[in-house]
Amino acid sequence: MKKRITSININKTKKPKVEKDVEEFTAGDDCDEETALAEFANPVPWQKIEAEGFDCDYALLFPKEEADILFRKLEEEVEYATGKEAQVQVFGKVYNIPRKQATYGDAGLAYTYSGVKRFACPWTPTLEHIREATTKSTGQTFNFVLVNRYKDGLDHMGEHRDDEKELDPLCPIASLSFGAVRDFIFRHKDSRGKNSQQYIEPVKLELAHGSLLLMNPPTNTYWYHSLPIRKKVTTPRINLTFRRIVMRGKKCIT
DNA sequence: GGGAGTGCATAGTT
DNA sequence: AAACTATGCACTCC
């Protein structure tokens, strides 16, 4: 059997684990009525992906035509960080981030990683629309999104966990993909390095145009993820990771 | 065989 | 420990 990028332990399920039910429609909610009804008429088929300490749900949330439109709108609307805001400091050295990045969210929120603090810009119409669609299909609410744009297969992101303290550890992270299909790799923390005691098979996924990957706890506790270089990819990909940031005192407030 | 692409470990630093 | 790079080595696939 050929070893391709495949996911392991995939079972088809109707829905991810949802605590709250999908939000109800109010009579006066005309703006997104059509979308909401369409999603209700055609519930998204989810794939459950599980491994040791690993729990994700994957679905094609937007059909191609709609995903194409959203991609185009994102290209128009999203403004990415430049200059110093596009740099990160690791091991005392300053690097240009090998991708473009932007942060949007509710007023006053900020997100810190690797010593860089980024304040949320106000939601754009498209980001707001995608956020609502994500909430409707997952039953989860989000107050922040990190936008990463990979202009081609050389843009990438190194292995890391989303273990920032200001993230609500019980809230899943929803990762939406638009544009070029890219490989997405998970590796268990106890299976890294030469002297790791156990070998745990990495989980390798292809994140498709219009797809939603819901990363449920405790996935982020045990698994690193990365978006590796793919030299044959020549077109851009935009990734949105919706999160819930916990407000703690003044820390996240301007 | 050999180059391209990839996977994976290591080192570096405050 | 580190959302980075660079390097070396092993491996697979044309």
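First the proteins, then the strands, lettered A, B, ... as listed; each starts at 1.
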More than 12 heavy atoms from other groups under 6.0 Å of [atom1] on [X]:
X: A/E65; atom1: CD; result: no
X: A/Y104; atom1: OH; result: yes
X: A/E77; atom1: CD; result: yes

Can you measure [X] atom [atom1] to [N] atom [atom2] for me and round it to whole angstrom units?
X: A/I229; N: C/dT7; atom1: CD1; atom2: P; value: 13 Å
X: A/E159; N: B/dT10; atom1: CD; atom2: P; value: 13 Å
X: A/M157; N: C/dA2; atom1: CE; atom2: P; value: 14 Å
X: A/D155; N: C/dC4; atom1: CG; atom2: P; value: 11 Å
X: A/Q87; N: C/dA2; atom1: CD; atom2: C1'; value: 17 Å
X: A/L154; N: C/dA6; atom1: CG; atom2: P; value: 12 Å
X: A/K232; N: B/dT6; atom1: NZ; atom2: C1'; value: 10 Å
X: A/F91; N: C/dC4; atom1: CZ; atom2: P; value: 12 Å

Which part of the nucleic acid, if any, lies within reach of [X] when heavy atoms closer than 4.0 Å are counted: base, sugar-phosphate only, or nothing?
X: A/N148; answer: nothing
X: A/K194; answer: sugar-phosphate
X: A/H225; answer: nothing
X: A/L227; answer: nothing

Is [X] near enough to [N] that one of its side-chain N or O atoms lies under 4.0 angstrom from OP1 or OP2?
X: A/R187; N: B/dA9; value: yes
X: A/H160; N: C/dA1; value: no
X: A/R230; N: B/dA4; value: no
X: A/R99; N: C/dC4; value: yes

Quiz item: Backbone N or O of A/L207 within a donor-acceptor pair of the A/S211 side chain at under 3.5 Å?
Solution: no
Quiz item: Got a donor-acceptor contact below 3.5 angstrom from the A/R244 side chain to the A/T141 backbone?
Solution: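 Answer holds: yes.
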Side chain of [X] only, please: which of [options] is the nearest?
X: A/P228; options: B/dG7, C/dA2, B/dT6; result: B/dG7
X: A/Y224; options: C/dA2, C/dT5, B/dG7; result: C/dA2
X: A/P202; options: C/dA2, B/dG12, B/dC8; result: B/dC8
X: A/K204; options: C/dC4, B/dG7, B/dG5; result: B/dG7

Quiz item: Which dot-bracket notation, 5' to 3', represents the base pairing of DNA chain B when pairs are defined as Watson-Crick or G-U with both distances under 3.5 Å, crossing pairs as [ ], and inter-strand pairs as |?
Solution: .|||||||||||..
Quiz item: Hey, are the side chains of A/C171 and A/R243 touching, using non-hydrogen atoms and a 4.5 Å cut-off?
Solution: no
Practice problem: Enter the distance from A/K151:NZ to A/K100:NZ here, rounded to the nearest 0.5 Å. | Solution: 8.5 Å
Quiz item: So which of A/D57, A/L60, A/L176 actually passes side chain to side chain contact (heavy atoms under 4.5 Å, CB included) with A/L212?
Solution: A/L176
